[in-house]
Structure formats: C-alpha cells, structure tokens
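First comes the structure, then the notes that go with it.
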Amino acid sequence: MKSLAIFDLDGTLLNTIDDLGNSCNHALRSMGFPTHALMSYPMMVGNGITRLIERALPDEARTPEIINSARRLFVDHYNDHCCDATVPYPGIPQLLAELNKRNVNIAVASNKYDSAVHRIIARYFPDIRFAAIFGQLEGIPTKPDPSIVFEILTACPTPKSETLFIGDSAVDIETARRACVDSVGVTWGFRSENELRKAFADNIVSDPDDILSLIG
C-alpha cells in the first residue's frame, strides 16, 4: 500500500509542450536565433528551463551570457503564456480526485521553476489537495538529483516503502532510483516507452487508472 504519490508535472500530469516550445521560440526569435518546430521540443525538455534553453541554442551561442539572457526572455514570456495551450492528460483530474478520496497524499516534483509550477497547479487542479508542491528552487539541484524527493518527504513524512514516484522520462526514473523509492513510467508523456524500459522503471503504465492498482 502506498500513501504518497509524487508526480512529475510536464509530460505526466499536463501536456505543456506547446507553451514551453512557444516561449522558447520567442526567446530565440528575440535574440535572432533560429527557432524549432514544436514537435522537436519533447526531446529538449526534462532537465529544467536553463538546460532547455541551452539545448535550443546553436552550439556556438551556448555561452553563459547568452543562455541567461535567453532564459530571462523565456521566463517573461512563459509567465504570461504558460496556460495558453496546456491541458491535463485524459484521466489525470479523475485520478487525482480518486487519490484524494482514498486519502493518498499527492505531491509534485518538477524541474520547472517553482513559481510557474505553483501557478499552473492552481490553474488546472484547483480542487485537488496537494501535500507538497516543489519546482526548481535556488540551491536545490534539479532532477535526477533526489534532493527534491527528500524535500517532499520532509514536508510530508512518509516511509520510502510507501512512496511512489511517477514520471514520463528517464530523468524521473533515475530520480526515484537515487531516492530509493518505487518508480512508475507513464507512456502518454514526452518520452518513449523504450526510454522508460532502458531506465529500468519499476512499473510502466499506459493509462492513469493503472496507477490506482499500484497504489494498492
């Protein structure tokens, strides 16, 4: 029986890729760099906004100064447009509501900057009770470093044996492994099932309802 379900945000709870891609393209365009097709962004995200910007820039432009300038442009745009095209994945609102009903604690662990995570959660899941919500914070390493999981376990004390970490990428599976909690890879997100298998996910699911059976 699991009493805490920790979810990744982008690609797991919400399909955010168009808004992420549009904000990144805005930053690139503003600085005179080539933009990317939105379909190329799923392979760029997952390690935080700074890493996304770095991957999107041409090789010769990946200097600290340019990355920081592009990041500022991204954040300014994303703050105003983070909910333009973002939608919950089918079945996710119902899953979260059922977990609340069963008194299973719910937490979010995202590499997106913290203020955007809180804003988006409030916008799309206003009726869901979350035990903890953590985005990327200054001084806390991004996933796959397990620090964010430990922050959640401090905010919501739970045995690791009763904790499930759910995400769509190898980054999430590695985070769970380093934190010594069971992992669930979801196939509806930004990365492939093959990536999840190569990362040795403890479980792989293709429907949100499948998570309920893993909760017990």
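Bear in mind the structure is a predicted one, so any value in this text is a computation, not a measurement. Note that these values count all heavy atoms, side chains included, but never hydrogens, waters or copies made by symmetry.
In this structure, Lys160 places its NZ atom where more than 12 heavy-atom neighbours from other residues, nucleotides or ligands lie under 6.0 Å away. Other residues, nucleotides and ligands contribute at most 12 non-hydrogen atoms within 6.0 Å of the CE atom of Met39.
For the pair Asp18/Thr86, no side-chain contact is recorded, criterion being any heavy-atom separation below 4.5 Å from C-beta on. No side-chain heavy atom of Pro88 sits under 4.5 Å from any side-chain heavy atom of Leu13. Taking 4.5 Å as the limit, some side-chain heavy atom of Ile120 sits within range of a side-chain heavy atom of Leu14. Side-chain atoms of Val117 and Val108, non-hydrogen and from C-beta on, do get closer than 4.5 Å to each other. Taking 4.5 Å as the limit, every side-chain heavy atom of Leu164 sits out of range of all side-chain heavy atoms of Val181. Between Trp188 and Asn15, the closest side-chain pair of non-hydrogen atoms is not below 4.5 Å. By the 4.5 Å heavy-atom criterion applied to side chains, Phe74 and Leu20 are counted as neighbours. Counting heavy atoms from C-beta outward, Thr63 and Ile66 have side chains that approach closer than 4.5 Å.
Following chains of ILVMFWY side-chain contacts shorter than 4.5 Å, one cannot reach Val171 starting from Tyr113, and the two form parts of different hydrophobic clusters. Residues Val75 and Met31 share a hydrophobic cluster, clusters being chains of Ile/Leu/Val/Met/Phe/Trp/Tyr side chains in contact below 4.5 Å. Val205 and Leu9 fall within the same hydrophobic cluster, where Ile, Leu, Val, Met, Phe, Trp and Tyr residues are linked whenever their side-chain heavy atoms come under 4.5 Å apart, directly or through other members.
Sequence neighbours left out, the pairs with a member in residues 59-69 that pass salt bridge (Lys or Arg N to Asp or Glu O under 4.0 Å) are Asp59-Arg62. For residues 27-54, every residue pair satisfying the salt bridge (Lys or Arg N to Asp or Glu O under 4.0 Å) rule, not counting sequence neighbours, is listed here: Arg51-Glu54. Listed by first and then second residue, the salt bridge (Lys or Arg N to Asp or Glu O under 4.0 Å) pairs that reach into residues 171-193 are Lys2-Asp182, Lys143-Asp172, Glu174-Arg177, Glu174-Arg178, Arg191-Glu195, Glu193-Arg197, sequence neighbours excluded. Evaluation of the ring-ring contact (aromatic ring centres under 6.0 Å, His included) test over residues 119-162, restricted to residues two or more places apart or in two chains, returns none. Identified under the ring-ring contact (aromatic ring centres under 6.0 Å, His included) test for residues 7-32, with sequence neighbours left out: His26-His77. Sorted by first and then second residue, the salt bridge (Lys or Arg N to Asp or Glu O under 4.0 Å) pairs involving residues 104-117 (not counting sequence neighbours) are Asp10-Lys112.
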Evaluate Asp145 against Ser147 for side chain to side chain donor-acceptor pair (under 3.5 Å), listing each step before the verdict.
CA-CA 6 Å; Asp145 185 283; Ser147 296; 2.5 Å; yes

Run the side-chain contact (heavy atoms from CB on, under 4.5 Å) check on Ile173 and Leu196 step by step: do they pass?
CA-CA 7 Å; Ile173 304 308; Leu196 298 170; 4.0 Å; yes

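Listed here is the closest heavy atom pair of Ala176 and Phe165: CB-CB, 3.7 Å. Summarising the geometry of Leu99 relative to Ala5, their closest heavy-atom pair is CD1-CB, 4.3 Å, with the distance given to 0.1 Å. The two residues Gly167 and Asp8 make their nearest non-hydrogen contact at CA-CB, 3.9 Å. Residues Ile152 and Ala109 share a closest heavy-atom pair of CD1-CB, 3.8 Å.
Not a single side-chain hydrogen bond (donor to acceptor under 3.5 Å, both in side chains) links Tyr89 to another residue, sequence neighbours left out. Among residues two or more places apart in sequence or in another chain, the salt bridge (charged side-chain N to carboxylate O under 4.0 Å, His left out) test is passed with Glu98 by Arg102. Applying the salt bridge (charged side-chain N to carboxylate O under 4.0 Å, His left out) rule to Arg71 yields no partners; only residues at least two apart in sequence or on another chain are considered. Residues satisfying the side chain to side chain contact (heavy atoms under 4.5 Å, CB included) criterion with Glu162, sequence neighbours excluded, are Ser3, Thr158, Pro159.
Partner Thr175 forms a side chain to side chain contact (heavy atoms under 4.5 Å, CB included) with one of Asn111, Ile6, Val149 and no other, that one being Val149.
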Compile the donor-acceptor pairs under 3.5 Å between side chains in residues 207-216 and protein atoms, sequence neighbours left out, one pair per line.
| from | atom 1 | to | atom 2 | distance (Å) |
| --- | --- | --- | --- | --- |
| Asp207 | OD1 | Asp209 | N | 2.8 |
| Asp210 | OD2 | Asp207 | N | 3.3 |
| Ser213 | OG | Asp210 | O | 2.7 |

Would you mind writing out the side-chain donor-acceptor pairs for residues 40-47 within the sub-3.5 Å range, not counting sequence neighbours?
| from | atom 1 | to | atom 2 | distance (Å) |
| --- | --- | --- | --- | --- |
| Ser40 | OG | Ala37 | O | 2.6 |
| Tyr41 | OH | Asn25 | OD1 | 2.6 |
| Asn47 | OD1 | Arg55 | NH1 | 3.1 |
| Asn47 | OD1 | Arg55 | NH2 | 2.9 |

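Between the CD1 atom of Ile67 and the OG1 atom of Thr50 there is a distance of 8.0 Å, given to the nearest 0.5 Å.
No side-chain donor-acceptor contact under 3.5 Å links Asp168 to the backbone of Val186.
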